[in-house]
**Q** 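Dropping a structure here in structure tokens format, bear with me for questions.
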2 protein chains.
Amino acid sequence: MGVTLADVARRAQTSTAVVSYVINNGPRPVAAATRERVLQAIAELGYRPDRVARALRAKRSGVIGVLLPDTANPFFASLGQAIEAAAFDAGRLVVVGNSGFDPDREEAYLHAFLDSRVEGLVVVSARHSPRALDALASAPVPAVYVHHAPPDTLSAVVLADNDGGGRLATTHLLDHGHENVAVLAGPDDAGPVGARVAGWRRALAERGVPEHRRVRSRSAFTRAGGHASMRRLLEHKARPTAVFAATDELAVGALHAVAEAGLRVPDDIALVGFDGVPETAFTNPSLTTIGVPAERMARSAIAGLDRAWQGHERPGGEEILPVSLIQRASCGCESPTSR
Amino acid sequence: MGVTLADVARRAQTSTAVVSYVINNGPRPVAAATRERVLQAIAELGYRPDRVARALRAKRSGVIGVLLPDTANPFFASLGQAIEAAAFDAGRLVVVGNSGFDPDREEAYLHAFLDSRVEGLVVVSARHSPRALDALASAPVPAVYVHHAPPDTLSAVVLADNDGGGRLATTHLLDHGHENVAVLAGPDDAGPVGARVAGWRRALAERGVPEHRRVRSRSAFTRAGGHASMRRLLEHKARPTAVFAATDELAVGALHAVAEAGLRVPDDIALVGFDGVPETAFTNPSLTTIGVPAERMARSAIAGLDRAWQGHERPGGEEILPVSLIQRASCGCESPTSR
DNA sequence: CTGAAAGCGCTTACAG
DNA sequence: CTGAAAGCGCTTACAG
């Protein structure tokens with residue numbers, strides 16, 4: 001403990017500069033014999049470079065700040081885990097913050113990250129607070145938005161094809177013979193879920209379902225919200241036969257509400273979710289859902305940061321990754337008792 | 001951007017020492033008028049202290065390293081989120097690492113954390129690799145083990161009452177009139193789940209269920225594992241009427257297997273899980289489970305670190321937090337269609 | 001109460 | 001190929 005570069009230099013009978021050169025493989029060459037001595041001294045002393053000192057001097061901390069709404073939510077948990085793994089594989093550590101969808105907290109984390117001299121930022125948010133955006137716009141390090149982006153950012157953006165997914169889910173349900181598909185959405189049409197709802201609307205329009213017959217039920221983005229929202233739909237005079245839940249959380253709550261009402265999925269009501277979180281493979285019945293490529297998004301985000309560090313001054317650009325239909329029982333594709 | 005302490009000092013017409021004193025409220029007093037000038041200069045320049053420089057000089061980085069097995073798992077996700085929140089409330093940032101249950105990776109993160117001069121460590125692991133333990137034992141900063149601890153560590157330890165919970169779950173099922181309770185466990189009896197299984201064994205012993213009638217099915221700690229494991233139990237000649245799943249993940253998989261077999265929970269098979277993850281409130285039927293106080297554990301962990309920093313040289317001690325029975329439908333307590 | 005100066009552990013021109 | 005030295009932005013004895 002407490003072994004410094006100077007200790008290594010002393011033992012290897014050379015200067016701290018040379019020790020630094022061998023540790024970092026540069027920027028100057030080192031004679032093979034000298035390098036050998038240094039390596040040996042490092043091993044003998046069990047020397048490990050102090051990343052804080054390195055960060056101060058070289059202005060590269062090797063850490064990425066990751067802002068997420070709430071990693072207790074399965075979708076953000078998967079995304080967060082994937083981002084952390086991708087960062088580690090790229091030799092970076094992540095410092096994470098859960099904003100809890102709170103703008104003040106979001107801003108507080110952003111400042112804390114920046115004060116800690118993170119080298120880059122990955123921002124996952126369902127909605128952006130103006131203040132957080134200001135902090136980001138003037139940040140001295142590259143940022144990439146994942147899952148959702150503010151209107152005209154200059155930063156790189158990695159999105160899932162939410163609109164396409166909404167259309168895919170809805171169309172799939174219509175293809176099962178349903179004449180209409182209701183949607184379980186969030187409190188408003190902002191963010192990624194807004195795009196999913198837009199895709200739903202587009203699919204209905206394409207199939208000629210008139211405006212006034214497009215049923216939308218709103219709630220918070222939680223299982224409890226989906227539960228309450230579906231319940232309302234069930235009490236609706238014209239109970240829908242098919243429902244598109246704009247997130248898996250909503251879908252899981254909806255599944256529960258249907259069972260509670262003594263009805264069956266997919267026989268009485270067919271259901272499709274969105275996100276492709278792991279638990280959907282094991283709900284009863286298993287949930288058909290739109291798979292969001294969380295791992296790919298994570299890798300893209302880290303790659304975007306890498307590009308920015310590499311000096312490509314326009315790291316920006318919007319990447320929209322394809323989603324996929326994961327066919328399981330809740331839509332009517334499989335017998336409800338099989339997985 | 002790039003405003004330093006020296007800039008502030010210049011503008012406030014004082015020394016960097018004084019600026020530091022006002023920022024940190026000490027360790028020397030500052031005249032009110034001077035303080036005012038400094039505060040004003042800070043505001044005018046938009047100065048923000050560089051935490052990296054501070055960390056190097058003061059040897060306090062303000063960041064905590066958090067090692068977790070896998071935050072894509074709902075239980076660890078909840079725990080991780082709670083730890084992050086508790087740390088932030090205590091003015092600390094967390095750097096997190098997912099070991100993926102891999103000892104090499106666990107060790108790599110620990111070293112990376114230490115190299116980054118974290119001020120403390122929170123280690124959540126279902127099993128400890130010898131190398132990780134070595135790294136921890138010689139770490140120059142306090143660590144606290146959460147969820148599971150190595151045999152005779154000197155560090156603080158925060159556990160849930162796993163043994164008591166296993167007994168509680170099993171007893172509850174027996175109280176419902178079942179004569180025996182099978183257990184869905186992990187690949188071996190190590191770690192927290194080992195204690196849960198021990199509690200199950202103890203409960204059965206207390207009620208006189210003989211050794212040879214105690215059925216245990218093993219699998220990986222995943223939903224798929226629980227699914228396969230329960231499937232095996234269903235094919236068993238003496239199919240159990242009650243099952244204790246040692247984690248909620250196993251329970252969710254088991255629930256799915258029972259539905260798939262065309263049987264009903266709790267009528268044909270009663271089931272109790274363990275962990276109290278959020279999704280269990282919305283499974284079909286809803287899952288009775290043993291609630292683990294993740295938030296309380298998180299706060300205890302941060303408090304343990306605080307105690308160590310405060311200089312209480314023996315931060316150690318084992319804290320065992322009580323678990324609770326969350327009664328829902330799967331055990332037979334509620335009608336299966338209600339929540 | 002205030003300031004000049006050393007120093008945390010590195011990296012990096014610069015000179016040789 | 002190697003080394004002496006400056007300096008990253010702070011905090012903290014130390015002297016006044």
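Remember, predicted model here, so these are calculated numbers, not experimental data. Sequence lines set the chain letters: A, B, ... in the order given, protein chains first and strands last, and positions in each chain run from 1.
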**Q** So which one's nearest nucleotide on DNA chain C is more toward 5', B/R37 or A/P49?
**A** B/R37
**Q** Rounded to the nearest 0.5 Å, what's the gap from CG on B/D70 to CD on A/Q81? Could you check?
**A** 5.0 Å
**Q** Side chain of B/A58 only, please: which of C/dT2, D/dT12, C/dT11 is the nearest?
**A** D/dT12
**Q** With the side chain of A/A53 defined as its heavy atoms from C-beta on, choose the nearest nucleotide among D/dT11, D/dT12, C/dG9.
**A** C/dG9
**Q** Can you check whether B/A72's main-chain N or O pairs, donor with acceptor, with A/S78's side chain at less than 3.5 Å?
**A** no
**Q** From CD1 of B/I23 over to P of D/dG9, roughly how many Å is that when rounded to an integer?
**A** 14 Å
**Q** Please name the pair of heavy atoms, one in B/V94 and one in B/A87, separated by the smallest distance, quoted to 0.1 Å.
**A** CG1-CB, 3.5 Å
**Q** Between B/R54 (CZ) and D/dT11 (P), how many Å, whole number?
**A** 5 Å
**Q** In terms of side-chain heavy atoms, does B/S138 have a donor or acceptor partner in B/D134 at a distance below 3.5 Å?
**A** no
**Q** A/A31 side chain: which of D/dT11, D/dC14, D/dC1 is closest?
**A** D/dC1
**Q** Paired stems touching DNA chain C, three or more consecutive Watson-Crick or G-U pairs with both distances under 3.5 Å?
**A** C:1-3 with D:14-16, C:5-12 with D:5-12, C:14-16 with D:1-3
**Q** For A/D50 and B/R57, find the nucleotide of DNA chain C closest to each by heavy atoms; which residue's nucleotide sits nearer the 5' end?
**A** B/R57
**Q** Between B/L5 (CG) and C/dG3 (P), how many Å, whole number?
**A** 13 Å
**Q** Rounded to the nearest 0.5 Å, how far does CZ of B/R131 lie from CG of B/L110?
**A** 11.5 Å
**Q** Any side-chain N or O of B/T14 under 4.0 Å from OP1/OP2 of C/dG3?
**A** yes
**Q** To the nearest angstrom, how far is B/R51 atom CZ from D/dT11 atom C1'?
**A** 16 Å
**Q** Quickly work out the B/N24 CG to D/dT11 C1' distance and round it to whole Å.
**A** 8 Å
**Q** Taking the side chain of A/K59 as heavy atoms from C-beta outward, which of C/dT2, D/dA4, D/dG9 is closest to it?
**A** D/dG9
**Q** I want to check one thing: is the phosphate of D/dC10, taken as OP1 and OP2, less than 4.0 Å away from some side-chain N or O of B/T16?
**A** no
**Q** Can we say B/D102 and B/R127 salt-bridge, meaning some charged N sits less than 4.0 Å from an Asp/Glu carboxylate O?
**A** no
**Q** Do A/Y47 and C/dG9 have a side chain to base donor-acceptor pair shorter than 3.5 Å?
**A** no
**Q** Hey, which of these two, A/P29 or B/P27, hits DNA chain D nearer its 5' end, going by closest nucleotide?
**A** A/P29
**Q** Looking just at side-chain N and O atoms, do A/E44 and A/Q40 make a donor-acceptor pair shorter than 3.5 Å?
**A** yes
**Q** Tell me the interatomic distance from A/R28, atom CZ, to D/dA4, atom C1', rounded to whole angstroms.
**A** 15 Å
**Q** To the nearest Å, give me how far apart CZ (A/R35) and P (D/dG3) are.
**A** 14 Å
**Q** Have a look at B/T4 and say if it touches a base, only the backbone sugar-phosphate, or nothing, with a 4.0 Å heavy-atom cut-off.
**A** sugar-phosphate
**Q** What is the distance from OH of A/Y21 to C1' of D/dC1, rounded to the nearest Å?
**A** 10 Å
**Q** Quiz question: by atom type and distance under 3.5 Å, do the side chains of A/E84 and B/Y109 form a donor-acceptor pair?
**A** yes
